[in-house]
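Here, residue 1 is the first one in the sequence, and each next residue gets the next number.
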Amino acid sequence: MKDLNYAITLINDGKLDLAKDLLADLVQSDPQNREALLHLGMCYSELGNHEKAVLTLSECVKHHPDCSNAHVALGYAHSMLLNNKEAKEDFLKALEIDPANNYALRNLGNLYGKEKDYERAVECFEKVFAADPTDQHLAYGIGYACFHAGKYALAEKYLIAAIDLDRSTEIAGIAMELVRDIADGMKGTPVK
């Protein structure tokens with residue numbers, strides 16, 4: 001357990017290569033170690049080796065099918081490889097295990113957004129935002145998805161929330177532009 005904690009410290013310090021090597025050693029000595037498999041798979045993803053991440057995280061969910069975060073991490077690796085069908089299955093499995101898993105909801109929302117299924121993206125993002133209404137990027141993401149779903153009043157609400165969280169950021173500037181676009185496009189038109 002001491003080595004696992006040290007590996008997690010290395011990850012938090014951004015020393016991913018060192019953490020990866022230590023975690024690989026842990027997995028070699030205990031091939032079913034849930035935490036070592038999970039963190040090793042996430043290290044591979046962070047290092048851009050998504051194929052190895054999929055292999056490692058697939059082992060994790062095979063031995064620990066109830067590990068919601070392993071399904072999320074596997075879904076993320078699949079999405080980076082553009083295996084969107086598999087990614088969606090992984091995120092949905094994570095939510096089946098833990099319906100309040102905000103990582104699964106956020107990633108599933110991102111996937112729906114890529115597929116231009118903005119209604120479902122909004123549903124996912126709103127659940128996450130309810131748990132953390134201080135996430136400026138998420139507020140903008142909901143506003144953006146609402147805008148593309150044609151829900152302009154709701155888009156404006158979330159975009160203004162994003163702006164109000166921190167006006168000094170680049171994302172606030174982008175949100176302001178989109179609010180102006182809504183206002184310009186809606187002159188004389190009833191707002192949905």
Side-chain angles (χ1 to χ4, degrees), residues 4 8 11-12 16 19-20 23 27 30-151 154-155 157-159 161-162 171 192:
L4 180 63
I8 293 169
I11 291 169
N12 292 335
L16 297 175
K20 174 191 57 97
L23 290 164
V27 168
D30 182 2
Q32 293 185 22
N33 183 314
R34 175 178 148 162
E35 293 304 311
L37 285 165
L38 175 61
H39 286 90
L40 178 59
M42 291 190 302
C43 266
Y44 283 133
S45 278
E46 287 295 313
L47 291 167
N49 193 339
H50 304 295
E51 293 87 1
K52 273 195 166 182
V54 166
L55 291 173
T56 304
L57 292 163
S58 292
E59 279 298 304
C60 188
V61 299
K62 179 175 107 180
H63 297 294
H64 308 282
D66 63 332
C67 183
S68 180
N69 286 334
H71 288 281
V72 175
L74 180 57
Y76 176 80
H78 275 298
S79 71
M80 296 308 293
L81 292 170
L82 303 177
N83 298 332
N84 291 344
K85 181 179 181 272
E86 292 88 348
K88 189 181 297 182
E89 289 170 5
D90 295 324
F91 298 141
L92 290 171
K93 181 64 179 174
L95 289 168
E96 183 182 310
I97 296 164
D98 177 8
N101 186 316
N102 286 335
Y103 299 111
L105 286 165
R106 181 187 289 264
N107 281 286
L108 185 59
N110 286 334
L111 189 58
Y112 285 139
K114 287 179 188 175
E115 295 175 343
K116 299 187 186 327
D117 187 346
Y118 296 113
E119 295 280 342
R120 284 189 174 168
V122 169
E123 287 176 29
C124 292
F125 291 153
E126 283 186 319
K127 290 176 184 175
V128 179
F129 194 70
D132 183 10
T134 64
D135 186 330
Q136 185 180 42
H137 284 89
L138 187 57
Y140 173 78
I142 301 171
Y144 180 87
C146 287
F147 177 82
H148 287 286
K151 297 180 174 187
L154 197 54
K157 170 190 161 189
Y158 283 109
L159 292 167
I171 200 81
K192 292 182 185 181

**Q** Counting heavy atoms not belonging to Y144, are there more than 12 under 6.0 Å from its OH?
**A** no
**Q** Report yes if the side chains of Y44 and K20 come closer than 4.5 Å at any heavy-atom pair, otherwise no.
**A** yes
**Q** Measure the spacing between CE of M80 and CD of E46 and express it to the nearest 0.5 Å.
**A** 9.5 Å
**Q** Between NZ of K93 and SG of C67, what distance do you get to the nearest 0.5 Å?
**A** 12.0 Å
**Q** Do the side chains of E119 and K151 get nearer than 4.5 Å, heavy atoms only?
**A** yes
**Q** Does some side-chain heavy atom of D90 sit less than 4.5 Å from a side-chain heavy atom of V72?
**A** no
**Q** Locate the shortest heavy-atom distance separating Y118 from G113; write the atom from each residue and the value.
**A** CE2-O, 3.8 Å
**Q** If every non-hydrogen atom of A94 is compared with every non-hydrogen atom of S68, which pair is closest and at what distance?
**A** O-OG, 3.0 Å
**Q** Would you call L57 and L38 a side-chain contact if the rule is heavy atoms closer than 4.5 Å?
**A** yes
**Q** How long is the straight-line distance from CG of L154 back to SG of C146, given to the nearest 0.5 Å?
**A** 3.5 Å
**Q** State, to 0.1 Å, how close G143 and A155 come at their nearest heavy-atom pair, and which atoms those are.
**A** O-CB, 3.3 Å
**Q** When you look at NE2 of H63, are more than 12 heavy atoms from neighbouring residues, nucleotides or ligands closer to it than 6.0 Å?
**A** yes
**Q** Just how far is it from atom CD of E86 to atom NE2 of H78, taken to the nearest 0.5 Å?
**A** 5.5 Å
**Q** Assess the pair Y103 and F91: is the distance between their ring centroids shorter than 6.0 Å?
**A** no
**Q** With distance as the sole test, does S45 use its side chain to make a donor-acceptor pair with the main-chain N or O of M42 at under 3.5 Å?
**A** no
**Q** Does the side chain of V27 reach to within under 4.5 Å of the side chain of N33, using non-hydrogen atoms?
**A** no
**Q** State the OH-CG distance between Y112 and L105, to the nearest 0.5 angstrom.
**A** 10.0 Å
**Q** I need the full list of salt bridge (Lys or Arg N to Asp or Glu O under 4.0 Å) pairs touching residues 132-143, with sequence neighbours left out, sorted by first then second residue.
**A** R106-D135
**Q** If you take all heavy atoms of A87 and S79, which pair is closest and at what distance?
**A** CB-N, 3.8 Å
**Q** So, H71 side chain and E96 main chain: donor-acceptor pair closer than 3.5 Å or not?
**A** no
**Q** Would you confirm whether H64, through its side chain, and C60, through its main-chain N or O, come within 3.5 Å as a donor-acceptor pair?
**A** no
**Q** Taking all heavy atoms of N102 and all of K127, pick out the closest pair and write down the distance.
**A** OD1-O, 4.3 Å
**Q** Roughly how far, to the nearest 0.5 Å, is the CG atom of L23 from the CD1 atom of I11?
**A** 5.0 Å
**Q** Could you tell me whether the side chains of E126 and Y158 share a donor-acceptor contact shorter than 3.5 Å?
**A** yes
**Q** Looking only at non-hydrogen atoms, find the nearest pair between S58 and L74 and report the distance.
**A** OG-CD1, 3.7 Å
**Q** For the backbone of G41 and the side chain of T56, can you confirm whether one donor and one acceptor N or O come within less than 3.5 Å of each other?
**A** no
**Q** Salt bridge or not for E115 and R120, using N-O below 4.0 Å?
**A** no
